[in-house]
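In listed order, ligands and their atoms are each counted from 1. Side chains included, hydrogens not; waters and symmetry mates left out as well; all remaining heavy atoms used.
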Amino acid sequence: MSDLKNDRFLKALMRQPVDRTPVWMMRQAGRYLPEYRAVRSQAGDFMSLCKNTELACEVTLQPLERYEMDAAILFSDILTIPDAMGLGLYFETGEGPKFRKPVRTAADIEGLQVINTASDLAYVTDAVSMIRRELNGRVPLIGFSGSPWTLATYMIEGQSSRDFARAKTMLYTQPELMHQLLDKLALSVIDYLNAQIRAGAQAVQIFDTWGGALSHAAYAEFSLAYMQKIVAGLIRHYDGRDVPVILFTKGGGQWLEAMADTGCQALGLDWSTDIAAAKRRVGDRVALQGNMDPAVLRADAATIEHQVDAILAGFGGGPGHVFNLGHGITPDIDPDNVKVFIDAVHKFSKKY
Ligand code: 1CP
């Protein structure tokens, strides 16, 4: 078992007491950092960066060099799984992800193979092992995956979408076909996250970025059910420690009780949910992670500090809070404002 010098993050996820609230940021390694942009242009394009073990490790560590964060997150992407399934992922400059071969028909879905991480995605587990070595116990490493529903939206649409027209058409007109796709994705995610855990990931987060676009009933049937299946299939104890699972459904504020019922350890909250209300609803069962609006980082230092303090006060005393943004940091943010944010969490959280 490796010595962890800072285990505040893992303790808070397990709802154990800590000296101050741990903090990390979704998308903490990314385009707002000039040193990230430099390494990315060295790599050529985004997927080459993900597939280059040394460079992926380097950008994972970049935010930790600048800020006192309590966790690192693997630098990779959720779309590595559909890429490994043969859909041909590419990124056009200035645009989001695209697939050369989206899945649209029953034959497309029948032809998909559940991934085998060891043979198809070794570059991801290689990066996890190298990052763990380089971190040398400084902070824990988070592994991650997309939720089956979120991955399915990209695979069916072939790119980002506003309304998920094709994915929802399949969901309502060929629900059994959608279930077949989600089943293959859930099995793939289980294999992928367990491989990350064996390679050294000390906690895992499932990003259900588009679960909030579903109706109440469709969320339970087409997103939550598969995340529950994943939670049930994950390694929960490894290398002498519990491996906490964080579920993050963006726009999922109304489903917190059901999400907590999956057996995960923590729920990621976006900024539309009041963290005090969330704590009253589920705070004795799961830890809560979040939830400052990333847009606050465009404001002045006093405003950032005020917003941080309001969220800390909302959560109040007691264990089980990991500070984060309510979604990923955007590329336009001034890195100095991130320092104000991280320092404010440190400064104010001691009083709770
Ligand atoms: O350099 C670049 O231009 C690429 C931008 C970028 C980055 C920095 C992409 C493309 N992915 C990433 C890294 C990434 N993606 C991480 C790294 C770890 C971190 O520092 O947090 C993580 C966890 C992700 C996860 C991810 N990718 C999600 C889920 C999280 C979320 O933000 O909701 C999603 C939806 C994606 C797809 C994706 N990949 C990249 C982009 C721009 C997108 C979003 C496209 C869209 O908005 O539909």
- Task: May I ask you to check whether Gln42 and Arg37 show a side-chain donor-acceptor distance below 3.5 Å?
- Result: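 Short answer, no.
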- Could you go step by step and tell me if Asp108 and Thr105 meet the side chain to side chain donor-acceptor pair (under 3.5 Å) rule? CA-CA 5 Å; Asp108 290 342; Thr105 65; 3.3 Å; yes
Are any of the heavy atoms in [X] under 4.0 Å away from ligand 1?
{"X": "Gly96", "value": "no"}
{"X": "Phe248", "value": "no"}
{"X": "Thr60", "value": "no"}

- Message: Using ring centroids (six-membered ring only for Trp), state whether Phe341 and Phe323 fall under 6.0 Å.
- Response: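 Distance test on ring centres: under 6.0 Å, yes.
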- Message: Could you check, using the six-membered ring where one of them is a Trp, whether Phe164 and Trp210 have ring centers closer than 6.0 angstrom?
- Response: yes
- Under 6.0 Å from the CD atom of Gln254, do we count more than 12 heavy atoms belonging to anything else shown? yes
- Closest to atom 42 (C) of ligand 1 (judged by heavy-atom distance), picking from Met26, Glu95, Arg27: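 Minimum heavy-atom distance to atom 42 (C) of ligand 1 goes to Arg27.
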- Query: Just going by heavy-atom distances, which of Phe207, Trp210, Tyr32, Phe46 is nearest to atom 4 (C) of ligand 1?
  - Reply: Phe46
- Do the charged groups of Arg138 and Glu65 touch, with an N to O distance under 4.0 Å?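 The answer is yes: the pair qualifies as a salt bridge.
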Select one of side chain, backbone, both or neither to describe which atoms of [X] lie under 4.0 Å from any atom of ligand 1, heavy atoms only.
{"X": "Leu49", "value": "neither"}
{"X": "Ser76", "value": "backbone"}
{"X": "His327", "value": "side chain"}

- Task: Determine the interplanar angle of the Phe207 and Phe248 rings, folded into 0 to 90°, and report it as parallel if under 30°, tilted if 30 to 60°, perpendicular if over 60°.
- Result: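 Judged by the thresholds at 30° and 60°, the geometry between Phe207 and Phe248 is perpendicular.
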- Item | For atom 3 (O) of ligand 1, the protein heavy atom that lies nearest, with its residue and separation |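 It is Arg40 NH1, 2.0 Å.
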- Closest protein heavy atom to atom 22 (C) of ligand 1, given as residue, atom name and distance to 0.1 Å: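 Closest protein heavy atom to atom 22 (C) of ligand 1: Phe144 CZ, 3.6 Å.
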